Amino acid sequence: MDVVKPLPRSFYNRDTLVVAQELLGKLLIRRFSEGCIVAKIVEVEAYRGRDDPASHAYRGETPRNLLMFGKPGFAYVYFIYGNHYCLNVTSDQEQVPGAVLIRSVEVIEGSKLAYRNRKAKSLVNLSNGPGKLTQALDISKTHNGLDLTKSGELFISTSRTCEKVETMITKRIGIRAGIEKPWRFYIRNSAFVSRQ
DNA sequence: GAGAAGATCTCCT
DNA sequence: GGAGATCTTCTCA
């Protein structure tokens, strides 16, 4: 696992829609003292700024969404519905709000650790949803603002398999505004996608 | 300071 | 398929 390097800042410093699509198939690495969990990103959604009424950044800068306006390549974690955390990655250049919501992942290594964090009936059920994957990977508010270009306890790396992913593009899920924008991307035929 | 809404999940019917 | 859980954040007075 030592050969795995985080994606550079330049990867995130692009249009949010491009970053979102290219994150598919990449590996999310979560390190613990006992070992690490490696999970493939299979489903994401893009959120932008002024042109996106579903985005937290739509109404302008607030203490909560400050990270979306800052440098790309940082974790933006927020609490929702009184129960769940959602993991986002900030994107686009500084002062241009943008973030990619990671909706579901496929745990490839370290499933024992993931099951310890989250009791689930199957591997699919372990991480096929925004709230589920943050539970399985033990991601919470403490990771808000974490630099994902540093090789720390949480970062994203390129896939070692270099497999080609077939991307499906659909409308986003679970939102009321901006539903017409086709900014949800997932890997075709993946059983780990929250909704086909 | 109060009220309302929310990028979800699980349980129950 | 529907509703409850539960709490942070924002808006408005």
Side-chain angles (χ1 to χ4, degrees), chain A residues 12 15-21 23-24 26 28 39 41-70 72-92 96-107 114-146 148 154 156 167-187 190-196:
Chain A
Y12 304 101
D15 188 287
T16 300
L17 298 181
V18 175
V19 176
Q21 288 180 73
L23 274 175
L24 290 177
K26 298 289 188 295
L28 186 63
I41 298 170
V42 298
E43 183 183 351
V44 298
E45 279 178 10
Y47 287 89
R48 305 216 292 194
R50 295 286 183 194
D51 60 340
D52 183 6
S55 170
H56 288 171
Y58 179 63
R59 295 165 191 272
E61 202 173 309
T62 66
R64 180 203 201 187
N65 64 26
L66 204 62
L67 281 160
M68 288 182 74
F69 290 81
F74 285 82
Y76 170 41
V77 183
Y78 63 86
F79 196 59
I80 189 125
Y81 295 123
N83 287 326
H84 306 288
Y85 291 102
C86 290
L87 172 65
N88 296 247
V89 182
T90 62
S91 57
D92 221 320
V96 179
V100 178
L101 168 70
I102 297 176
R103 284 193 57 90
S104 60
V105 299
E106 173 184 352
V107 174
Y115 275 118
R116 186 195 64 181
N117 294 330
R118 176 181 150 75
K119 306 266 182 294
K121 291 172 186 172
S122 67
L123 194 64
V124 169
N125 201 259
L126 195 59
S127 58
N128 65 336
K132 295 179 185 179
L133 78 91
T134 50
Q135 253 188 31
L137 271 62
D138 192 26
I139 293 167
S140 66
K141 209 175 169 181
T142 58
H143 298 94
N144 194 32
L146 197 76
L148 298 174
L154 180 70
I156 299 169
T167 307
M168 296 293 288
I169 302 173
T170 68
K171 292 174 181 176
R172 291 174 295 183
I173 291 174
I175 55 174
R176 295 187 184 182
I179 53 175
E180 74 286 351
K181 295 187 192 303
W183 289 353
R184 172 175 177 249
F185 310 100
Y186 64 86
I187 296 177
S190 171
F192 291 82
V193 170
S194 59
R195 282 184 228 177
Q196 295 280 353

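All values derive from a computational prediction rather than experimental measurement.
- Regarding A/H84, its NE2 atom lies at a distance of 11 Å from the P atom of B/dC11, rounded to whole Å.
- A/T170 and A/R184 are linked by a side-chain donor-acceptor pair at a separation below 3.5 angstrom, with hydrogens and angles left out of the test.
- Nucleotide B/dC9 holds its C1' atom 14 Å from the CD1 atom of A/I173, rounded to whole Å.
- Proximity note for A/R176 (side chain, C-beta onward) versus B/dA7, B/dG6, B/dT10: the nearest is B/dG6.
- Note on A/R59: every side-chain N or O is 4.0 Å or more away from OP1 and OP2 of B/dA5.
- Distance A/N125 CG to B/dT8 P: 16 Å, rounded to the nearest Å.
- Side-chain contact between A/H56 and A/Y78 is present, with heavy atoms from C-beta onward closer than 4.5 Å.
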Might you list the N or O atoms of the protein lying below 3.5 Å from N or O atoms in nucleotides 6-9 of chain C, with each pair's distance?
{"residue": "C/dT6", "atom": "O2", "partner": "A/Y81", "partner atom": "O", "Å": "2.6"}

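- Closest to the side chain of A/L101, from the set B/dA7, C/dC10, B/dC9, is B/dA7.
- Look at CG on A/L87: it is 14 Å from P on B/dT8, rounded to the nearest Å.
- No contact: A/R184 has no heavy atom under 4.0 Å from any strand.
- The 5' end of DNA chain B is approached more closely, in terms of each residue's nearest nucleotide, by A/M68 than by the other of A/Q135 and A/M68.
- Each of A/D138, A/T142, A/N144 was checked for a side chain to side chain donor-acceptor pair (under 3.5 Å) with A/S140, and the lone residue meeting it is A/T142.
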Practice problem: For DNA chain C, produce a single dot-bracket line, 5' to 3'. Pairs: Watson-Crick or G-U wobble, both distances under 3.5 Å. Symbols: ( ) within strand, [ ] crossing, | other strand, . unpaired. | Solution: |||||.||||||.
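- To the nearest angstrom, P of B/dC11 lies 13 Å from NZ of A/K119.
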Quiz item: Could you go step by step and tell me if A/C86 and A/E45 meet the side chain to side chain contact (heavy atoms under 4.5 Å, CB included) rule?
Solution: CA-CA 12 Å; A/C86 290; A/E45 279 178 10; over 6 Å; no
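- Per the geometry, OH belonging to A/Y78 stands 18 Å off P belonging to B/dA5, to the nearest Å.
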